[in-house]
Amino acid sequence: MAASALAQTPVLPPATARALGPAAPSGVYYEIFVRSYYDTNGDGIGDLDGVTVKLPYLKSLGVSGIWLIPIFPSPSYHGYDITNYRAINPQYGTMADFERLVKAAHADGMKVILDMVINHTSNENPWFLASRDPHSAYRDWYYWASPDTRLDAKSSMGGKVWHKSGRQHYMGIFSRGMPDLNYHTPAVRREMIAIGQYWLKKGVDGYRLDAAKYPFDKFWNQRHSMRAIDADVAWWEQYRDGLDKVDPQAYLVGEVWDSHYRHMAPFVGPLNAVFDFPMAKRLVASAETGHDDGIGRALVHMQRIYRRATGHYVMDAPLLSNFDQQRVMTDLHGNLDKMKVAAAMLLTLPGNPYVYYGEEIGMRGTKPDPLDREPMRWDISPTAPGETTWETPPAWLHEDVSVQAEQDDPHSLLNRYRELIHWRMHIAPLRDGVAGVYATGNPALAAWRLTDRAGSVLVAHNLSGQTQRLTLRSVDGLQYQTLLRTTRTRTALDGDVLSLPAYGSAVLEGSTTATETNSRRTP
């Protein structure tokens with residue numbers, strides 16, 4: 001990649017450069033749907049070698065880890081119904097290809113986590129096929145209805161629970177093609193732990209745990225049931241203990257869909273993190289409306305609840321969208337400025353932010369699901385070598401968005417993502433800071449404080465299309481009067497007044513005494 005493709009963060013005056021620490025991993029993870037990413041053999045389907053080929057791109061972006069959407073054999077295009085947990089989907093390559101990818105990623109300083117689908121399997125999985133026989137050793141690996149079972153029961157997500165197989169009925173809360181595993185059965189628990197250990201021995205660094213709140217939360221009347229949550233958490237503690245025997249540093253992030261942190265908090269004991277879906281909703285709403293939806297207060301609230309639940313600091317897993325959701329650029333109606341400020345808010349949150357592939361170039365996508373998971377756009381031409389063609393987006397999705405079109409444009413969304421991710425490498429509180437509220441009195445401004453052992457910073461974002469001014473004040477004995485990073489060159493700090501241009505963002509350093517309070521402007 002040409003040097004011009006790497007967006008450089010602004011050169012800071014010597015007085016502010018001293019506040020920046022040495023480079024460290026950004027903590028940002030990048031979600032990849034291999035089928036849609038990059039095709040090296042010309043069959044129209046992305047493959048593991050394609051991810052390996054694009055590692056230099058990911059390194060230039062600054063991410064410190066990649067999450068691979070399921071790569072195991074499956075009858076579906078998406079892979080969330082697995083037939084063999086110890087093999088590679090042949091459409092994506094071989095085990096040797098996977099091992100080569102892990103080795104290359106580690107050489108570039110990037111971790112690799114796999115999507116582990118534990119709640120259910122495919123209805124074509126040999127375990128399930130065997131379990132249809134009431135006398136099979138696998139019978140209790142799944143849930144089969146008894147004569148007194150209410151077959152019209154509603155699942156905790158509102159859909160069907162029971163599906164017909166001949167004269168029998170089995171549980172599948174996501175779909176008939178995804179029968180639920182029975183975690184009351186010790187053999188199931190032992191097998192799923194063994195599978196987790198298997199891939200850790202292959203070199204993976206951890207797992208994104210699909211449907212992490214559903215191993216025991218099955219029915220509508222169990223929603224938010226503490227009995228179900230306690231059973232789920234007990235299972236994840238057992239799973240963690242099993243993985244610790246191979247790699248005590250394995251990273252586990254759970255998909256726990258909920259709108260309340262108090263229902264998510266129990267899971268951050270055995271797991272490292274859960275995806276912050278409530279924050280994602282606030283980030284997108286704030287960017288879309290131009291009014292802060294209480295982001296700073298929610299950040300403080302989340303950290304307090306998680307600390308109360310665990311007794312220690314918890315790394316959050318914020319995101320804007322993922323594989324299951326409409327893409328953010330569609331939510332923001334194609335508005336590039338709003339997309340940039342949404343990215344800035346995400347990437348100035350502590351923890352391990354997640355970026356969905358293509359989000360960094362502004363790809364759009366809406367339901368049905370395949371259009372949220374469309375081919376990554378590398379070239380201006382969608383038929384260029386390496387482009388995946390398994391799914392053809394509708395004509396209205398063929399906007400001029402691609403890595404090629406954006407890589408040399410210093411004002412592109414791609415280079416804004418690079419810039420923001422690289423901020424995290426040098427400003428430690430952005431990665432692991434404890435949050436504090438910073439009231440602005442202006443709904444067009446979103447701001448919060450982040451403090452760790454390296455110091456304290458104030459993050460401020462202008463959500464509007466007009467310049468906004470913020471009179472800075474001392475909080476907890478700290479004054480924020482040194483600009484560390486800005487996204488807009490016209491950002492100015494005049495005494496204690498910060499002037500943020502439209503959709504601009506800034507990070508300021510806190511100090512116990514005012515430093516350089518004279519008027520200054522970023523270069």
Side-chain angles (χ1 to χ4, degrees), residues 28-38 46 54 57-58 61 63 66-70 77-80 115 208 210 255 257 275-290 293 317-347 349 353-380 382 387-406 412-418 420-421 463 503:
V28 176
Y29 279 81
Y30 186 89
E31 178 186 358
I32 297 175
F33 183 30
V34 174
R35 178 175 296 274
S36 288
Y37 206 56
Y38 192 80
K54 290 302 180 181
Y57 167 78
L58 296 170
L61 196 59
V63 302
I66 57 175
W67 152 26
L68 301 179
I69 288 169
Y77 82 94
H78 52 71
Y80 281 91
D115 208 319
R208 178 265 187 185
D210 183 67
E255 181 197 28
W257 284 93
F275 289 108
D276 198 338
F277 295 112
M279 182 62 74
K281 185 176 180 180
R282 289 179 185 274
L283 294 174
V284 176
S286 297
E288 203 256 328
T289 63
D293 191 23
L319 72 162
L320 292 176
S321 70
N322 67 14
F323 181 90
D324 288 318
Q325 298 169 283
Q326 178 168 281
R327 285 186 175 269
V328 182
M329 195 56 143
T330 298
D331 285 334
L332 300 179
H333 311 290
N335 187 306
L336 181 60
D337 288 324
K338 291 183 176 183
M339 185 67 216
K340 286 181 177 180
V341 81
M345 289 189 289
L346 170 69
L347 293 168
L349 290 175
Y354 281 75
V355 174
Y356 184 33
Y357 81 93
E359 179 185 298
E360 77 276 19
I361 58 173
M363 285 170 53
R364 301 192 197 188
T366 188
K367 300 299 181 182
D369 284 343
L371 297 184
D372 294 330
R373 308 160 182 176
E374 73 276 22
M376 175 69 175
R377 294 294 299 274
W378 296 101
D379 196 277
I380 291 175
E387 299 288 320
T388 63
T389 56
W390 71 273
E391 173 75 11
T392 302
W396 61 269
L397 282 179
H398 278 286
E399 67 269 42
D400 186 18
V401 170
S402 69
V403 173
Q404 183 187 36
E406 298 182 36
S412 69
L413 180 61
L414 171 60
N415 281 316
R416 177 58 55 80
Y417 265 83
R418 282 196 177 113
L420 293 164
I421 293 173
L463 309 179
Y503 302 108

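Just so it is clear, the structure is predicted and the values come from calculations on it, not from any experiment.
Looking at L68, I66, V355, I69 one by one, the single match for side-chain contact (heavy atoms from CB on, under 4.5 Å) with E31 turns out to be I69.
R35 approaches T388 most closely through the heavy-atom pair O-CG2, 3.5 Å. Contact between V401 and G362 at its shortest, heavy atoms only, is CG1-C, 3.9 Å. Closest non-hydrogen pair, L349 versus P318, comes out as CD1-CB, 3.9 Å. Closest of all the heavy-atom pairs between T392 and T389 is OG1-O, 4.3 Å. Nearest heavy-atom pair across A287 and V341 is CB-CG1, 4.1 Å. Nearest approach of D115 to P70, heavy atoms of both residues: CB-CD, 3.4 Å.
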Chi angles and distances behind the side chain to side chain contact (heavy atoms under 4.5 Å, CB included) call for Y57, Y30: CA-CA 12 Å; Y57 167 78; Y30 186 89; 4.1 Å; yes

CA sep, side-chain torsions, deciding dist, call: R416, L420, side chain to side chain contact (heavy atoms under 4.5 Å, CB included): CA-CA 6 Å; R416 177 58 55 80; L420 293 164; 3.8 Å; yes

Intermediate values then yes/no, side chain to side chain donor-acceptor pair (under 3.5 Å), Y77 and E391: CA-CA 10 Å; Y77 82 94; E391 173 75 11; over 6 Å; no

Derivation and outcome, side chain to side chain contact (heavy atoms under 4.5 Å, CB included), residues H333 and E288: CA-CA 9 Å; H333 311 290; E288 203 256 328; 3.6 Å; yes

Side chain to side chain contact (heavy atoms under 4.5 Å, CB included) assessment of M376 paired with F33: CA-CA 9 Å; M376 175 69 175; F33 183 30; over 6 Å; no

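The CD atom of E360 sits 5.5 Å away from atom CG of L61, with the distance rounded to the nearest 0.5 Å. Rounded to the nearest 0.5 Å, atoms OH (Y354) and CH2 (W67) are 7.5 Å apart. Separation of atoms CG (L332) and OG1 (T289) is listed at 10.0 Å; rounding is to 0.5 Å. The line from CG of D276 to CZ of R282 is 9.5 Å long, rounded to the nearest 0.5 Å. Here the NZ atom belonging to K281 is positioned 12.0 Å from the OG atom belonging to S286, to the nearest 0.5 angstrom. To the nearest 0.5 Å, atom CD of residue E406 and atom CZ of residue R418 are 9.5 Å apart.
Within the 4.5 Å cutoff, no side-chain heavy atoms of D379 are placed close to those of S402. Between S321 and E359, some side-chain heavy-atom pair lies under the 4.5 Å cut-off. The closest side-chain heavy-atom distance from Y503 to K338 is below 4.5 Å. A heavy-atom distance below 4.5 Å is found between the side chains of L319 and Q325. Annotation: side chain of Y417 is in contact with side chain of L347 (closest heavy-atom distance under 4.5 Å).
For the 3.5 Å distance criterion, the side chains of Y29 and R208 fail to qualify, holding no donor opposite an acceptor. Side-chain contact check for D372 and Y356: no donor-acceptor pair (N or O, by modelled atom type) lies under 3.5 Å.
Looking at residues two or more places apart in sequence or on another chain, you find a side chain to side chain contact (heavy atoms under 4.5 Å, CB included) between L336 and M329, K340, L413.
At a threshold of 4.0 Å, the pair D324-R373 counts as salt-bridged, since one of the basic side-chain nitrogens sits closer than that to a carboxylate oxygen.
Checked against the 6.0 Å centroid threshold, Y80 and F323 count as a close aromatic pair.
A donor-acceptor distance shorter than 3.5 angstrom exists from the side chain of T330 to the backbone of G365, with no hydrogens or angles considered.
Geometric assessment of R377 against the ring of Y357 yields a negative cation-pi assignment under the 6.0 Å and 45° thresholds.
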